[in-house]
Amino acid sequence: MSGRIPEDKIEAIRRSTDIVDVISDYVQLKKQGRNFFGLCPFHGESTPSFSVAPDKQIYHCFGCGTGGNAFSFLMEIEGYNFIEAVQVLGQKSGIELPEIQDRESSGSKASENDVIYKAHDFLAKLYNHCMVKTPEGKGAREYLNDRGFTDEMIEEFQLGFAPDSWDYATNYLQKRNYPLPKVADAGLLAKREFDGKYFDRFRNRIMFPIWDPKGRPVAFGGRIIGSGEPKYLNSPETTLFQKGKFLYGFHLTRSAIRMKDQAILLEGYVDVITAYGNGVQNVVASLGTALTKDQAKLIRRQTESAVICYDSDKAGTQAAIRAADELIEAGCYVRIAKMPDGLDPDDYIQTYGAERFEKDVIGAAPTVMAFKMEVLRSGKNLSDEGERIRYIEEVLKEISGLTKAVERDHYLRQLSEEFSLSLDALKQQVFQFHKEGKNKKDNAPPKRDNNARKNFYVKKKLLPAYQNAERILLAYMMRDLDVAEKVQEEVGGSFNIDEHSAIAAYLYSFYANGHDADVSQFMEQLTDPNLVKIASELAMMDLNEDVSDKELQDYIRQVLNYPEWIKIEEREKEKKEAEMKQDFVQAAKIAMEILEMKKNIKKTF
C-alpha cells in the first residue's frame with residue numbers, strides 16, 4: 001500500500017472534474033458573463049462575491065480572499081486532506097485509484113474521529129435492522145406504519161429501534177471491538193457511576209439518525225415508545241456534531257432545494273420525513289432548536305427563497321418569526337406559512353395530501369410582515385379604540401424595521417386605507433420609531449463576528465503603479481508560458497512584493513517541469529494559503545486576451561525601476577535637509593546626482 005497517488009491519476013481526475021459541478025453541491029451559483037457567482041461558503045455575506053471560473057477551473061472570493069481549485073475547495077469546506085479530496089473526486093469521475101494508506105489521516109485525532117463515524121454508522125444499521133427484521137422492532141414498525149410511514153421512508157431515512165435493553169448496543173459494540181470509552185464520549189453509550197460499567201443510552205426508542213452534509217451519521221434523536229420521559233432524547237454535542245450547524249435531512253434534500261430554488265423549513269424529523277416521502281423534497285428541519293445563523297447561512301447558500309412552516313401554536317409562531325429574522329439577515333426572501341389550528345405539516349400531509357400542502361399552505365404563505373400583522377391582530381378587539389391604537393403602533397414599529405422603502409410604503413398605505421389614517425402621520429411615526437431603534441443600536445456594545453475572516457481585498461486602496469504592474473505581469477504569466485519566460489529573463493526574482501516573488505518562483509519551477517499554462521494545476525503547487533489567495537485573485541483579473549510587447553515592457557520597466565525611484569526619493573529628502581541647513585553646495589550636488597539617476601532610468605529602456 002502506498003501513501004501517494006500517482007501524478008497521472010491526479011491529473012486525470014483534475015481534467016475530468018468540472019469545478020462548477022463540485023461547488024454547486026454547496027453553493028447556489030448563477031452565471032454572470034463567463035463566470036458563475038454565489039454567496040461565499042467560507043464567510044458570511046448577503047451579496048455574492050464568490051466567483052467560479054469554469055475556463056480556468058478555479059474559484060476566488062473577492063470578499064475574504066479565499067481561492068483555489070476543486071481539490072482545495074473540498075479540503076476547505078469538508079475538512080478533507082489532499083488525498084481524501086482526490087479520492088472523492090476520483091470516485092465521482094469513475095477513475096479507479098490504487099489502495100492508499102493515507103498518512104495524513106493516520107494521526108490520533110483523525111483515527112479517533114474515524115472510529116466514532118464508524119460507530120455511528122454501525123449503530124444506525126443495527127437499529128434499522130432491529131426495526132425492520134426482528135420481533136423486538138415489531139411494535140415500533142407498526143407505530144410508524146400507523147403514522148403513515150412507508151417502508152421506503154423507513155429505509156430512506158434509516159429509521160431504527162433501540163430495544164428496551166440496557167446492553168443491546170453495548171454488547172454489539174463490544175463484540176466488534178469498538179472502544180467503549182470513546183463511544184460513550186460520543187454520546188452513544190452511558191457509564192454507571194457506582195461500578196463504571198457502560199450501558200445503552202437509548203432504550204425503547206424509535207431512532208432517527210442525524211447526518212452531516214456528507215451523509216455520515218453523527219448523532220441520533222430517539223423518540224420514546226409509549227409513556228416515559230423525556231419524549232425525545234438526543235445525542236449530546238461532540239466534536240463531530242454541533243446541532244446549531246446542521247439541518248436535518250439536508251444531505252438528502254439539498255439538490256431538491258437548489259432545483260426548486262426554495263427551501264421549506266419544518267420543525268421536526270417527522271415533518272421532514274413525511275413531506276419528503278410524499279414528494280415534497282425541498283425540506284429541512286433545524287434539529288429542534290431555534291434556527292441559528294450558521295443554519296440560515298447554510299440555507300442561503302442553496303437558495304434565496306425560504307418558506308417557514310412551523311406548528312400553529314404560540315411557541316411555533318414565535319419560533320417562526322425568530323427564524324425569519326435570521327433568514328432575512330442571511331439574505332433570504334422569506335415567507336411564513338399558516339397552518340390550520342391543531343395541525344402540523346405531518347398531520348396536514350397525511351390528511352389532505354402533499355399536493356394540497358404545496359398549493360394551499362406553502363404556495364399561499366404570506367410575507368413575514370403580513371404574518372406578523374396577523375399575529376399582532378390576533379386576540380385584539382379592533383373596534384375598541386385603545387386596542388386599535390395599540391395594534392397600529394405595534395405594526396408601525398415592525399414597519400420601521402423594514403429595510404426596503406417599497407415594503408414600508410406598501411404596508412403604510414394598507415394601514416392608512418384600513419383605518420382611514422393620514423399617510424403622512426403614519427410615515428412620521430415610523431420615522432420616529434426608526435430613529436429610536438437606530439439610537440439604541442448605535443449605543444449598544446459592538447458585536448464581534450468571530451467567524452468572519454479578515455477582509456483582504458474588498459476595501460483595498462488604489463495600488464501603486466509598480467504593484468499593479470507586478471500583479472498584471474503575474475496574471476499574464478499564469479496564462480502564457482511565453483510571457484513567463486520573457487519575464488523570467490528580464491525580471492527573474494526581482495519583484496518588489498515578497499509574495500509576488502514567491503508566486504513567480506513557483507511559476508518558473510512549474511514551467512521548468514514541463515507543464516503547460518494551467519491555472520488550476522499550478523495552484524496545486526502552492527503550499528502557502530496566502531499565496532493561493534493572491535494567485536486565485538490574480539487569475540480572476542479581467543485582462544486582454546493578448547498583451548503587446550510594448551505593454552509588457554512598460555510593466556517590466558515599472559517593476560525594475562521601482563527600487564531606483566525609491567533611491568531617488570531618499571536623495572530628494574537628503575537634498576531638502578541640505579537646503580534647510582543652508583548647505584546649498586551639497587544641495588546642488590545632490591540635485592545633479594538625482595538628474596543623472598533619472599537619465600539612467602530612461603536609458604535602461
Side-chain angles (χ1 to χ4, degrees), residues 116-176 178 180 183-190 198-212 214-238 240-241 243 246-252 266-277 284-289 346:
I116 300 308
Y117 282 127
K118 287 179 178 177
H120 277 90
D121 186 58
F122 172 72
L123 283 186
K125 291 173 180 173
L126 179 67
Y127 291 140
N128 178 255
H129 173 80
C130 184
M131 161 83 80
V132 175
K133 302 290 186 182
T134 71
E136 290 95 330
K138 183 181 178 183
R141 194 164 60 248
E142 289 175 348
Y143 171 83
L144 289 178
N145 290 153
D146 290 343
R147 289 289 303 265
F149 281 40
T150 63
D151 292 343
E152 289 76 15
M153 291 181 193
I154 291 171
E155 283 305 309
E156 186 82 64
F157 286 85
Q158 211 171 0
L159 304 184
F161 179 65
D164 194 6
S165 166
W166 293 94
D167 57 6
Y168 177 78
T170 305
N171 286 339
Y172 273 103
L173 288 165
Q174 203 160 23
K175 287 176 185 176
R176 299 298 193 282
Y178 282 95
L180 298 190
V183 175
D185 288 342
L188 297 175
L189 301 178
Y198 294 97
F199 62 93
D200 289 14
R201 175 183 177 86
F202 297 99
R203 303 180 303 280
N204 196 32
R205 291 179 180 274
I206 294 174
M207 301 298 290
F208 298 84
I210 298 167
W211 302 269
D212 67 8
K214 299 181 202 175
R216 298 178 298 192
V218 291
F220 288 96
R223 189 196 190 284
I224 196 76
I225 290 290
S227 59
E229 291 295 334
K231 182 178 178 182
Y232 278 98
L233 178 65
N234 299 319
S235 292
E237 295 206 346
T238 66
L240 304 184
F241 171 62
K243 61 185 177 182
F246 294 162
L247 291 165
Y248 182 72
F250 181 71
H251 71 296
L252 290 173
L266 304 177
E267 208 163 354
Y269 314 133
V270 172
D271 293 332
V272 169
I273 295 168
T274 299
Y276 188 91
V284 286
S286 58
L287 299 175
T289 61
D346 170 46

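The closest side-chain heavy-atom distance from Arg223 to Lys231 is below 4.5 Å. Two residues are said to be in side-chain contact when any heavy atoms from C-beta on lie closer than 4.5 Å; Leu123 and Leu173 meet this criterion. Thr238 has its side chain out of reach of Asp185: every pair of non-hydrogen atoms, C-beta onward, lies at least 4.5 Å apart. Side-chain atoms of Ile224 and Arg205, non-hydrogen and from C-beta on, do get closer than 4.5 Å to each other. Between Leu188 and His120, the closest side-chain pair of non-hydrogen atoms falls below 4.5 Å. When side chains are defined from C-beta on, Leu287 does not count as touching Leu247, because their heavy atoms never get closer than 4.5 Å. Thr134 places none of its side-chain heavy atoms less than 4.5 Å from the side chain of Phe161.
Taking each heavy atom of Ala119 and Val183 in turn, the nearest pair found is CB-CG2, 4.2 Å. The nearest pair of heavy atoms linking Met131 to Leu144 is CE-CD1, 3.3 Å. The two atoms that bring Pro236 and Phe241 nearest to each other are O-CD2, 3.6 Å, heavy atoms only. Closest heavy-atom contact between Val272 and Ala285: CG2-CB, 3.5 Å. Closest non-hydrogen pair, Trp211 versus Pro217, comes out as CD1-N, 3.6 Å. Minimum heavy-atom separation, Val270 to Phe149: CG1-CZ, 3.8 Å.
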Start with the C-alpha distance between Leu233 and Arg201, add both sets of side-chain angles, then the distance that settles side chain to side chain contact (heavy atoms under 4.5 Å, CB included), and finish with yes or no. CA-CA 9 Å; Leu233 178 65; Arg201 175 183 177 86; 4.1 Å; yes
Going through the checks in order, is the side chain to side chain contact (heavy atoms under 4.5 Å, CB included) test met by Thr170 and Leu180? CA-CA 8 Å; Thr170 305; Leu180 298 190; 4.1 Å; yes
Ile154 and Asn145: CA distance, side-chain angles, deciding distance, side chain to side chain contact (heavy atoms under 4.5 Å, CB included) verdict: CA-CA 9 Å; Ile154 291 171; Asn145 290 153; 4.3 Å; yes
Give the C-alpha distance, both sets of side-chain angles, the deciding distance and a yes or no for side chain to side chain contact (heavy atoms under 4.5 Å, CB included) between Val284 and Tyr248. CA-CA 6 Å; Val284 286; Tyr248 182 72; over 6 Å; no
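Aromatic ring pairs are classed by plane angle as parallel below 30°, tilted from 30° to 60° and perpendicular above 60°; the pair Tyr172 and Phe122 is tilted. The aromatic rings of Tyr269 and Tyr232 sit perpendicular, their planes meeting at an angle over 60°, well past the 30° parallel limit.
Atom NZ of Lys214 is surrounded by more than 12 heavy atoms from other residues, nucleotides or ligands within 6.0 Å.
Taking the six-membered ring for Trp, Phe220 and Tyr127 have ring centres closer than 6.0 Å.
For the atom pair CD1 of Ile206 and CG of Leu159, the computed distance is 8.0 Å after rounding to the nearest 0.5 Å. Rounded to the nearest 0.5 Å, atoms CD (Glu136) and CZ (Arg141) are 10.5 Å apart.
With sequence neighbours excluded, no residue forms a side-chain hydrogen bond (donor to acceptor under 3.5 Å, both in side chains) with Tyr198.
Residue pairs meeting the salt bridge (Lys or Arg N to Asp or Glu O under 4.0 Å) criterion with at least one partner in residues 143-172, sequence neighbours excluded, are Arg147-Asp346.
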